[in-house]
Amino acid sequence: MATYSISTFFNLGLLLLFANAMPLLANAKTQYHNFVVQATPVKRLCNTLSTITVNGQYPGPTLEVNNGDTLVVNVVNKAQYNLTIHWHGIRQMRTGWADGPEFVTQCPIRPGGSYTYRFTIEGQEGTLWWHAHSSWLRATVYGALIIHPKEGSSYPFQKPKRETPLLLGEWWNANPIDVVRQATKTGAAPNVSDAYTINGQPGDFYNCSSQDTVIVPMDSGETNLLRVINSGMNQQLFFTVANHKLTVVGADASYVKPFTTSVIMLGPGQTTDVLITADQPPARYYIAARAYASAQGAPFDNTTTTAILEYKTAPCPAKGGASSKPVNATLPAFNDTATATAFTTSLRSPQKVEVPTDIDENLLFTVGLGINQCPRGAPASTCQGPNGTRFTASMNNVSFVLPSNFSLLQSHRQGIPGVFTTDFPAAPPVKFDYTGNVSRSLWQPVPATKLYKLKYGAKVQLVLQGTSIFTAENHPIHLHGYDFYIVAEGFGNFNPQTDTAKFNLVNPPQRNTASVPVGGWAVIRFVADNPGVWLLHCHLDVHITWGLATAFLVEDGVGELQTLEAPPADLPVC
Ligand SMILES: *[C@@H]1O[C@H](CO)[C@@H](O)[C@H](O)[C@H]1NC(C)=O
Ligand SMILES: *[C@@H]1O[C@H](CO)[C@@H](O)[C@H](O)[C@H]1NC(C)=O
Ligand SMILES: *[C@@H]1O[C@H](CO)[C@@H](O)[C@H](O)[C@H]1NC(C)=O
Ligand SMILES: *[C@@H]1O[C@H](CO)[C@@H](O)[C@H](O)[C@H]1NC(C)=O
Ligand SMILES: *[C@@H]1O[C@H](CO)[C@@H](O)[C@H](O)[C@H]1NC(C)=O
Ligand SMILES: *[C@@H]1O[C@H](CO)[C@@H](O)[C@H](O)[C@H]1NC(C)=O
Ligand SMILES: *[C@@H]1O[C@H](CO)[C@@H](O)[C@H](O)[C@H]1NC(C)=O
Ligand SMILES: *[C@@H]1O[C@H](CO)[C@@H](O)[C@H](O)[C@H]1NC(C)=O
Ligand SMILES: *[C@@H]1O[C@H](CO)[C@@H](O)[C@H](O)[C@H]1NC(C)=O
Ligand SMILES: *[C@@H]1O[C@H](CO)[C@@H](O)[C@H](O)[C@H]1NC(C)=O
Ligand SMILES: [Cu+2]
């Protein structure tokens, strides 16, 4: 403690150098990877489709690094579409150019082009993932990004015997780009998927799939760390393992205070690390996931994906017989919001954390759907939304529009005017009963490219308030470039008078994607310590397509360590 009373910056800097930099220098590695993105034939559900993959793999390669390592990934676009890759949940301290969302931090890598993403993992451990961030390419262009503790460090829980990433995905019997294009053209909701997948495989409950069902082997008595990732496009998912308890130890690459449950819920973008012990009679048990569908009446994919947890001493399935049939898993009802809420409200940080107080920016953003009246004279084929309308979505009544001539970050950094404005409202422009019966006059948002500007170091509280415009729904809201604390969540309209008392400022969970409850709200806090332009959006791709997004423009602070780096020489331009 005495050392902190040394007031000169110089001495503190030296101290930090010796305390942190030395072991880091000793162990940190740089990993180099090549991602060749190309069309590859992939057969699922009895059909072979030309599918965009990385290095011919679906899902793509798993990256495994240690905290402190640097990743250098050269992405070559041999597909016929514009492409970018996002490293979901990586803080990207001062390296916003490597974050990836198209037209936000870079222009797309054009067909035939390439770009090298270069970034360092600083102070993060656990499960993240990477995915395309251009149109709907992420339906098939995604993979796990696993961050182990620094060499010589260990998990804050007993070291598991095995570790298994389980990527939950969605599969269409169609080109996902065609699915989103059709929706954008017609104004209707896009087709729902035909299957969910676990590590790319739908599993036993679908046609032409059971021979390829993913097997997770276990020895009796051993403990396995399952790194569960919802890499699906448009659906929150419940996940369970038949007859086994799950001990939750991490979420979004932050450790959590361990707790035990039989089912977890993940919105797209979210990850959950669970320990599972093979403490049941040797057999085969279903690992299963299916929808948590919070919107009333909206169509959704109601199928169930499975993998198999197989005890190595279990009777061999080839020998047949009832005993070889996997034990079925029980999942909550599709609309079981109580179970989803019980899960999200059980998450805590493992110990007391430094939650920002003395808030500088007190923000309230509504998040929800909208309905556009069709322009006069528009052909009916372009107005296939409810009663001849078109679907849209917004935050604070702004339906976000991406630029197409410069990325937001480039425009900010190089002072190119006319690409965006910084007048995104700090509060809803019209106050109304957000979760009540909203007047039709409020349903149509305004399209614009509006950002919210934050000073470097600002302490931010953001209330994410769901609306019931058209329909209330759970929204997984993801912030790029940051982790944040979720200090509270609830149903109905956020009420600062009564709800502030419920804030957990001691050990709230830290995440990069918050589940905003259906017809409810969530409050997040973070310090704006990473300069750049950072997208804030719903991770249901159908909603971001409709404009459920905005971005924070975080200004540079003082000195090099608080300033966005210079753009790399190979940064794609539009
Ligand atoms: C969407 O579903 C409709 C109805 O099943 C089908 O006619 C259409 O071809 C599908 N669109 C795409 C892009 O697969
Ligand atoms: C699966 O196969 C069965 C039997 O061939 C067929 O009746 C059914 O329509 C198929 N289901 C799907 C979703 O294709
Ligand atoms: C899924 O939806 C279809 C069509 O809407 C329905 O026939 C089927 O019973 C549903 N399945 C489940 C498991 O709810
Ligand atoms: C197994 O569980 C799934 C999902 O809960 C359910 O749809 C299916 O009917 C069950 N199968 C059997 C044989 O009980
Ligand atoms: C959930 O769905 C069931 C039927 O599938 C229905 O009876 C029930 O009212 C629904 N609950 C809610 C909260 O919507
Ligand atoms: C569409 O019209 C029907 C019948 O007039 C009405 O009940 C329904 O609320 C309308 N839906 C929307 C989204 O406007
Ligand atoms: C970029 O595009 C926007 C929107 O079309 C336009 O207003 C702006 O002038 C363009 N900026 C430049 C520098 O061309
Ligand atoms: C919602 O408000 C509209 C117009 O004010 C009214 O016609 C409708 O009946 C209300 N719906 C409900 C469910 O209260
Ligand atoms: C959004 O803005 C439009 C245009 O000004 C207005 O008609 C609508 O009522 C606004 N809705 C809300 C929720 O503020
Ligand atoms: C691809 O990106 C360029 C900018 O680099 C843009 O002008 C073009 O519209 C994009 N193409 C598609 C199909 O989105
Ligand atoms: Cu959403």
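In this chain, residues are counted from 1 in sequence order. Both counts, for ligands and for their atoms, begin at 1 and track the order of listing. Fair warning: this is a prediction, and the values are worked out from it, not measured in the lab.
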Any protein heavy atom under 4.0 Å from atom 14 (O) of ligand 5?
yes
Hey, is atom 2 (O) of ligand 5 touched by any protein heavy atom at less than 4.0 Å?
yes
Ignoring hydrogens and geometry, is there a side-chain-to-backbone donor-acceptor pair from Ser411 to Ser407 under 3.5 Å?
no
Tell me whether Arg110 has any N or O atom under 3.5 angstrom from an N or O of ligand 10.
yes
Keeping the roles fixed (side chain from Thr306, backbone from Asp204), state whether a donor-acceptor pair exists under 3.5 Å.
yes
Polar side chain donor-acceptor pair, Ser515 to Gln270, under 3.5 angstrom
yes
For Asn495, is there any backbone N or O sitting under 3.5 Å from a side-chain donor or acceptor partner on Trp521?
no
Is it true that a side-chain atom of Asp499 and a backbone atom of Phe494 form a donor plus acceptor pair closer than 3.5 Å?
no
Any atoms of ligand 5 less than 4.0 Å from a non-hydrogen atom of Gln296? List them with their elements.
14 (O)
Counting non-hydrogen protein atoms only, what is the nearest one to atom 7 (O) of ligand 10? Give residue, atom name and distance.
Ser404 O, 4.2 Å
Do Asn302 and ligand 3 have an N or O pair less than 3.5 Å apart?
yes
Identify, by atom number and element, the atoms of ligand 3 in contact range of Phe334, meaning under 4.0 Å from any of its heavy atoms.
14 (O)
N or O pair under 3.5 Å between Asn82 and ligand 10
yes
Close aromatic pair by centroid cut-off 6.0 Å: Tyr292 and Phe300:
no
Judged by heavy atoms only, the candidate from Thr337, Val518, Asn335 nearest atom 12 (C) of ligand 5 is Asn335
Would you say the side chains of Gln201 and Tyr58 form a donor-acceptor pair under 3.5 Å?
no
Enumerated ligand 10 atoms positioned under 4.0 Å from heavy atoms of Cys574
4 (C), 5 (O)
